[in-house]
Amino acid sequence: MDNQGMNGLGTTSSLRRRVRRTDSSGSERTFYALAESTRVAWERVKSLYSSDPDTRTADMSDVKQGYRFIDPLASETTIFVITSLFMFFLMCQLYLSRKQLIELLQNLEFHSVEVIIVMILLLTVQVAYRLHKVRPVFLLDFVTYKAPERLATSTEHFLELSERAGVFNQDQLAFQRKLLERSGLGEKTSFPDAMHRADEIKNANGNGHVVLNMHNARMEAEQVIFGVLDELFAKNNIDPKVDIDILIVNCSLFNPTPSLSAMVVNKYKMKQSIRTYNLAGMGCSAGLIAVDLCKDLFQAHKNVRCVIVSTENITQNWYLGKEKSMLISNTLFRLGGAGILLSNRGADRRLARFQLMHTVRTHSGAVDLAYDSIFQMEDKEGIRGVKLSKNIMDVAGNALKSNVTTLAPLVFPFAVHIKFGLYVLKKKVLKMKSIPPFVPDFHRAFKFFCIHTGGRGVLDVLEDALKLTQDDLKPSRFVLERFGNVSSASVWYELEYVEKCGKLQRGDRIWQIAFGSGFKCNSAVWKSLYTQNIPQSLDY
């Protein structure tokens, strides 16, 4: 490809490069130009989801999809009820046929035939259950990465580094300061080592590749991934050479060869039969995609353990250009990662802290607006970065509605299903136009909420759209303030906060939900298998 094509100025239409448009005055503007301020976008979407009935109305196709996920023959409760009814009928028939039992081999009476039929039905139900039974997914433990203090990056230190790099003018620095002040990030978030070497970028006349290169990106990946895995294996007395059967690594923006999963196998000398998967380019929701992948693999392989590593690599993604829509990511994303240990072994249940109940994945990539909302590209000067569209809040809202509507039939109690059925009856059959949209109380399904820390505005919108309380958003707001947007690992930092608060009871359900490029919205529902009622320090 020639230089013109590399700079995004060619005419090839198959690549989604920078698209120039001309307004009435003849001046050029770019596809990613800011059409409205971030605050205006957030307030507009918040108002829309708070007041517009059509926006909040569920799509019936998503509801039907949720009900299709329900497999009654895979439910222990359903099978127990059916079996109990058959057993009751069987006992009644045995009682009525007690005199005939003695003569059963010589003379099969009517009641005896019924007994045999019921016994066959019992056997059939049990066989069907075994065929439909889903192997459990137990969460044994997880570890989140805590960066050393030397990597701490306060607001002022971030702006100092940006100024020392010598590539930003005062207008761009002021823009980033304004974003940081509204972002919800605190003073203890962290950047990787390479991004603290801004002076070297200035000495190289603004050439970021002197430090923001693949070597230093590998160093960041090793620091985070090996850091969480060393702690995870040590805490759980795991020998990675023999005890791990499946390895899944997700990192969206850094995908070297050999892969990050191969790097882990090499580091810990894992066995040759290990099944490895490397998820790339899937954004901040990739951590829950990894959980869903693990769940599917557990159905194919019994008595295995899986390790998931969720992280993002930002060394090579410090944007040093001038486009404001691409500067936003500089102010949000920070250093972080998580390691998760999962198992489907029955013997591991006593060691497990949580059990996976449901996963629901929603992909809106067929819609161009959604596909373009988060896009890695070069600007007009050829500097690579990630563009965040001003339509991202609308896209996220639509994906959230679809995901929640599909998830609802799986998690709400029967009484809510009845209420929803009456709502559909009034809306679709009786054609009543004045009734408000049906919005269930999510507290009837979940005790805790772990919502991806996409930014303060994202959390504000979700709080209003889902009718949650400030207490419900505490895990997300704490993690955003303390660690920043740590991408796919954020939901694990939030689950860690839930545990440390000391309010977790056995049987409580936790909802993890995350958004990612593509555009995707993914959910995972966990049930607590233990009680943690002793508060722990949150000063970490």
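The figures that follow rest on heavy atoms only: side chains count, while hydrogens, waters and symmetry mates do not.
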Trainee: Will you find, in the side chains of W526 and Q355, an N or O donor that is under 3.5 Å from an N or O acceptor?
Mentor: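 Distance-only check fails for W526 and Q355.
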Trainee: Without hydrogens or angle criteria, can the side chains of T315 and N216 be said to hold a donor-acceptor pair below 3.5 Å?
Mentor: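 Their side chains do not contain a donor-acceptor pair, so the 3.5 Å distance test is not met.
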Trainee: Classify the ring geometry between F354 and Y530 as parallel (under 30°), tilted (30 to 60°) or perpendicular (over 60°).
Mentor: perpendicular
Trainee: Sequence neighbours left out, what pairs pass salt bridge (Lys or Arg N to Asp or Glu O under 4.0 Å) with at least one residue falling in residues 520-540?
Mentor: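 Listed once each, the pairs are K188-D539.
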Trainee: Angle between ring planes, F446 versus F449, binned at 30° and 60°: parallel, tilted or perpendicular?
Mentor: perpendicular
Trainee: Side chains of S523 and N403 only: does a donor on one sit below 3.5 Å from an acceptor on the other?
Mentor: yes
Trainee: Counting neighbours of CE on M263 that are heavy atoms of other residues, nucleotides or ligands and sit closer than 6.0 Å, is the number greater than 12?
Mentor: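 Enclosed: over 12 neighbouring heavy atoms sit under 6.0 Å from CE of M263.
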Trainee: So, for I513 and C521, which heavy atoms are closest and what is the spacing to 0.1 Å?
Mentor: CD1-SG, 3.8 Å
Trainee: Who are the salt bridge (Lys or Arg N to Asp or Glu O under 4.0 Å) partners of D230, not counting sequence neighbours?
Mentor: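 For D230, no residue satisfies salt bridge (Lys or Arg N to Asp or Glu O under 4.0 Å) once neighbours in sequence are set aside.
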Trainee: Do the side chains of D471 and K474 get close enough for a salt bridge, i.e. N-O under 4.0 angstrom?
Mentor: yes
Trainee: Given side chains that start at C-beta, do those of T359 and N522 come closer than 4.5 Å, heavy atoms only?
Mentor: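 Heavy-atom side-chain distance check fails, nothing below 4.5 Å.
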Trainee: Do R506 and Q532 have side chains that approach each other closer than 4.5 Å (heavy atoms only, starting at C-beta)?
Mentor: no
Trainee: Does any pair with a residue in residues 261-287 pass salt bridge (Lys or Arg N to Asp or Glu O under 4.0 Å), and if so which ones, sequence neighbours excluded?
Mentor: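 For residues 261-287: D245-K271.
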Trainee: Report yes if the side chains of V134 and Q299 come closer than 4.5 Å at any heavy-atom pair, otherwise no.
Mentor: yes
Trainee: Hey, are K467 and D441 close enough for a salt bridge, meaning a charged N less than 4.0 Å from a carboxylate O?
Mentor: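 Between D441 and K467 there is no salt bridge, as every charged N stays at least 4.0 Å from the carboxylate O atoms.
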Trainee: Sub-3.5 Å donor-acceptor pair from the side chain of D348 to the main-chain atoms of N344, do we have one?
Mentor: no
Trainee: State whether a side-chain donor-acceptor pair under 3.5 Å links H215 with N213.
Mentor: no
Trainee: Can you tell me if H358 uses its side chain to pair, donor with acceptor, with the backbone of L410 under 3.5 Å?
Mentor: yes
Trainee: Check the side chains of Q470 and R477 for a donor-acceptor pair under 3.5 angstrom, ignoring hydrogens and angles.
Mentor: no
Trainee: Any donor-acceptor pair under 3.5 Å linking the side-chain atoms of T144 with those of K146?
Mentor: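 Judged by distance alone, the side chains do pair up.
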Trainee: Is the shortest side-chain heavy-atom distance between D296 and C294 below 4.5 Å?
Mentor: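 In short, these two side chains do not touch, never coming nearer than 4.5 Å.
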Trainee: Any donor-acceptor pair under 3.5 Å linking the side chain of N237 with the backbone of A234?
Mentor: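 A pair under 3.5 Å: no.
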Trainee: If we only count heavy atoms from C-beta on, is the V360 to L407 side-chain gap below 4.5 Å?
Mentor: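 They are in side-chain contact.
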